[in-house]
2 protein chains.
Amino acid sequence: MASIKDVAAEAGVSVATVSRVLNDHPSVSADARARVLAAVDALGYRPNAVARSLRTDQTRTLGLVISDVLNPYFTELARSVEEEARALGYSVVIGNADERPDLQDHHVRTLLDRRIDGLLVSPTDGGSPLMLDAARAGTPMVFVDRWIPGVDVPVVRADGRSAVRDLVAHLHGLGHRRLAIIAGPAATTTGSERVEAFRDALRAYGLPLPDAYIGQGDFQAASGRRVTEEFLDLAEPPEVVFAADNLMALGALDAVRARGLRVPDDIALAAFDDIPWFVHTDPPVTAIAQPTPELGRAAVRAVVDRIEGRPPRSVTLAATLVVRRSCGEPPGPPGPQDPYTPHTPHPDDTQRSTP
Amino acid sequence: MASIKDVAAEAGVSVATVSRVLNDHPSVSADARARVLAAVDALGYRPNAVARSLRTDQTRTLGLVISDVLNPYFTELARSVEEEARALGYSVVIGNADERPDLQDHHVRTLLDRRIDGLLVSPTDGGSPLMLDAARAGTPMVFVDRWIPGVDVPVVRADGRSAVRDLVAHLHGLGHRRLAIIAGPAATTTGSERVEAFRDALRAYGLPLPDAYIGQGDFQAASGRRVTEEFLDLAEPPEVVFAADNLMALGALDAVRARGLRVPDDIALAAFDDIPWFVHTDPPVTAIAQPTPELGRAAVRAVVDRIEGRPPRSVTLAATLVVRRSCGEPPGPPGPQDPYTPHTPHPDDTQRSTP
DNA sequence: CAGGTTCGTGTAATCGATTCCACAAGGAGG
DNA sequence: CCTCCTTGTGGAATCGATTACACGAACCTG
């Protein structure tokens, strides 16, 4: 592969001049510039980003460590992150933690070794020493979706409290009184916050949230299945199951179906994180939708601000309730036909109905 | 951030010795080794991968350019690729082409600039000069899923011909005679091959595949919706729509629902690429399943073979038909309950029923 | 027209590693 | 006791870029 020396030789100039042309430094004569450009073209030269990074101490790369690639929520997040980063001249390297702290650590370490300019993390746990040290040492870092309390790192996330209240109001209005939740790991903020929000919302209606109605999941489908089975085995099973993420909702759907029961007739279901597929499940699933693409964009802008010396800001956006049929028919005259929400995976084309 | 010089100073040895310890070169005294290790620990030193790559001319990184991150098929592929790569000591950098040749080109260029050791591509089109040049220039490269004919690059893919024959047999057995297909872009192999396989299978049953029953899609949901609407507007609409990928099937489902029609009563639906969600759609969708995790692993092994000087092999695995309810009840006494297939996104735990 | 800018260019240092080569010390063998 | 090896170590070149600095030529300006 041709190097800058080859180009210099071909163009009959020094490497300094070639470099100047490439970085369009002003003081290069038109003649030299033309010769260099011709040489670049002739040799098919492309600057070696590795060498450049070593010298300039910047890689123009962002690391993104997400909790689970198979979760459409994170996939959508990754997509918007890459999009915004590209617009700002950065590349993104994605690390998939699969909800495993050890894998998360592996990826953080690898990314740090590669000297990425900034790090976006959706932490799977309370944070390893490695990550906390990096934060303290001044690595530009931003938490997305989930965060670690007590660490001085900006957070970009959606606040679901009001949407959870809307959900509970909706459920209460449909006559449900025994509501259960499949929680995420307590070590994650989204794991504990969603339970808290749910409990608070129930309290407003004078409803209890007994321990038996709090199932411990891990944001993966299998745990949703297991917890739902436990709920169904209860002497007094809940009337509604609220899954703290979409994969556990999928698992819940599995479990219900495996028993030969029907949603919402035998048991109602709702989920945190809306995804395109929820429109097409049987029945369509009522969910709390996050402004995922906006979160991704805001997160990128925050790290890049930090990288480029501007003060980064934490961002909190609102989540909204999307009512579908999985909790029962809404009150009022039921229409003959379900409201149709066009699905497309492109953010510029996505529409969502709010209650 | 501490460099190798700092470690050398701290340990009272030369940088050469530090390097030797780090790469466990045999000729280092136990004493020196201990002092270096202690210094590494004390300083929290981590070798700079950028500098190392510059010197050794290898990044231990693989590039993966996929057609669409929002497509669960590619997400699953990416996951297995990263897993296998990690097991072999490589990192993976994913580029999402979003089915856009220009974006694909952007990512290939960026990855090449970063001097990745090998490239895995699922081409969105016939291949840009950039990519073809790279292949010719000897960049270790492997095509996954889709490929570009006439280029000397190993291909790792699934052969769907026999599964498509099984599908057509199934449809024919259910009494369907007017079968239509939503094709992918003709520029992609999976776009054209699936149509060919379908046409051949139909021929075996003496069924025609009129041009009106070949809709041109682009592997995205919106095109599935559009093509399905066109089918439904035909004087004689098809009885079955076969979508060449899962997103277009989703679009088809949208379109059918928007007309107030039912699957499979009014029109049957089948898809290429099985995904967990198809179990839970209304109705569950009959699909052709690829051995996606195996494809990912085989692809990684192929590039790594190439990188490490072993001859890489092309791999073709078989796809299988998974019958569900979207084409009508299978003949014979219909069971009261759907067969239950547990869903989990983890490959080690996935089960699939074959007809 | 002398002195000061400005402009274009090249030389060489530098980033943080790896690795070739030289060399010193010590042990083995004659 | 003098070679010859082996072993452990350090100096310095190198990878491919960027960039500070020096320098010569041309151009003003008073």
Side-chain angles (χ1 to χ4, degrees), chain A residues 1-40 43-61 89 91 109-117 137, chain B residues 1-40 43-61 89 109-117:
Chain A
M1 185 140 270
S3 84
I4 196 170
K5 273 189 203 156
D6 303 316
V7 176
E10 172 86 9
V13 297
S14 73
V15 294
T17 300
V18 176
S19 177
R20 288 191 191 99
V21 171
L22 263 30
N23 297 284
D24 41 40
H25 186 92
S27 66
V28 178
S29 69
D31 174 58
R33 175 180 311 275
R35 294 220 309 286
V36 168
L37 259 19
V40 164
L43 299 175
Y45 168 75
R46 295 247 79 213
N48 183 327
V50 174
R52 191 198 293 254
S53 292
L54 177 61
R55 184 58 235 254
T56 60
D57 200 34
Q58 54 167 346
T59 51
R60 296 208 69 88
T61 299
S91 295
R109 191 187 316 277
T110 308
L111 292 168
L112 255 22
D113 284 356
R114 303 255 146 114
R115 301 301 193 265
I116 43 136
D117 293 341
Chain B
M1 185 140 269
S3 85
I4 196 171
K5 271 188 206 157
D6 303 315
V7 176
E10 173 86 9
V13 297
S14 73
V15 294
T17 299
V18 176
S19 177
R20 281 192 271 263
V21 171
L22 263 30
N23 297 284
D24 41 39
H25 185 92
S27 67
V28 177
S29 69
D31 174 58
R33 176 181 309 276
R35 293 218 311 285
V36 168
L37 259 19
V40 164
L43 299 174
Y45 169 75
R46 295 246 80 214
N48 184 326
V50 175
R52 190 198 295 253
S53 293
L54 176 61
R55 185 57 235 255
T56 61
D57 201 33
Q58 54 166 349
T59 50
R60 295 207 70 85
T61 300
R109 190 187 316 277
T110 308
L111 292 168
L112 256 23
D113 284 357
R114 303 253 146 115
R115 300 301 192 264
I116 43 138
D117 293 341

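Keep in mind it's a predicted model, so treat the numbers as computed, not measured.
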Q. Among C:dT9, D:dT18, C:dT19, which is the nearest nucleotide to the side chain of A:Thr17?
A. C:dT9
Q) Relative to the 5' end of DNA chain C, which residue comes earlier, B:Ala16 or B:Val50, by the nucleotide with the nearest heavy atom? A) B:Val50
Q. What's the closest nucleotide to the B:Ala32 side chain, out of D:dT9, C:dT18, D:dG16?
A. D:dT9
Q.
How many whole angstroms separate atom NZ of A:Lys5 from atom C1' of C:dT11?
A. 13 Å
**Q.** A:Asn23 atom CG: more than 12 heavy-atom contacts under 6.0 Å
**A.** yes
Q. Roughly how far, to the nearest 0.5 Å, is the CE atom of A:Met1 from the OG atom of A:Ser3?
A. 11.0 Å
(Q) Rounding to an integer number of Å, can you tell me how far B:Ile4 CD1 sits from C:dT19 P? (A) 11 Å
Q) Choosing from D:dA17, D:dC15, C:dG10, which nucleotide comes nearest the side chain of A:Pro47? A) D:dA17
Q.
Strictly distance-based, threshold 3.5 Å: is any side-chain N or O of A:Arg60 a donor or acceptor partner for the main-chain N or O of A:Gly89?
A. yes
(Q) Can you tell me which nucleotide in D:dT18, D:dT9, D:dC15 comes closest to the side chain of B:Arg20? (A) D:dT9
(Q) Students often get this wrong, so: under 4.0 angstrom with heavy atoms, is A:Val18 touching a base, only sugar-phosphate, or nothing? (A) nothing
Q) Base, sugar-phosphate, or nothing: which does B:Ser3 touch, judged by heavy atoms less than 4.0 Å apart? A) sugar-phosphate
Q | Nucleotide of C:dG8, D:dT19, D:dG10 approaching A:Ser19 most closely (side-chain heavy atoms) | A | D:dT19
Q.
Can you measure B:Arg60 atom CZ to C:dA17 atom C1' for me and round it to whole angstrom units?
A. 16 Å
Q: Evaluate side-chain hydrogen bond (donor to acceptor under 3.5 Å, both in side chains) for A:Ser53 paired with B:Arg114, printing each intermediate quantity in order.
A: CA-CA 10 Å; A:Ser53 292; B:Arg114 303 253 146 115; over 6 Å; no
Q.
Whether A:Arg35 and A:Asp31 form a salt bridge (side-chain N of Lys/Arg under 4.0 Å from carboxylate O of Asp/Glu) is what I want to check.
A. yes
(Q) Please classify the nucleic acid contact of B:Ser29 as base, sugar-phosphate, or nothing, using heavy-atom distances under 4.0 Å. (A) sugar-phosphate
Q: Side chain of A:Asn23 only, please: which of D:dA17, D:dT9, D:dT18 is the nearest?
A: D:dT18
Q. Considering only side-chain heavy atoms of A:Val28, which listed nucleotide, C:dG16, D:dT18, C:dT9, is closest?
A. C:dT9
Q | Among C:dG8, D:dA17, C:dT18, the nucleotide that comes nearest once only the side chain of B:Arg52 is considered | A | C:dT18
Q | Residue closer to the 5' end of DNA chain D, B:Asp57 versus B:Pro26 (nearest nucleotide) | A | B:Pro26
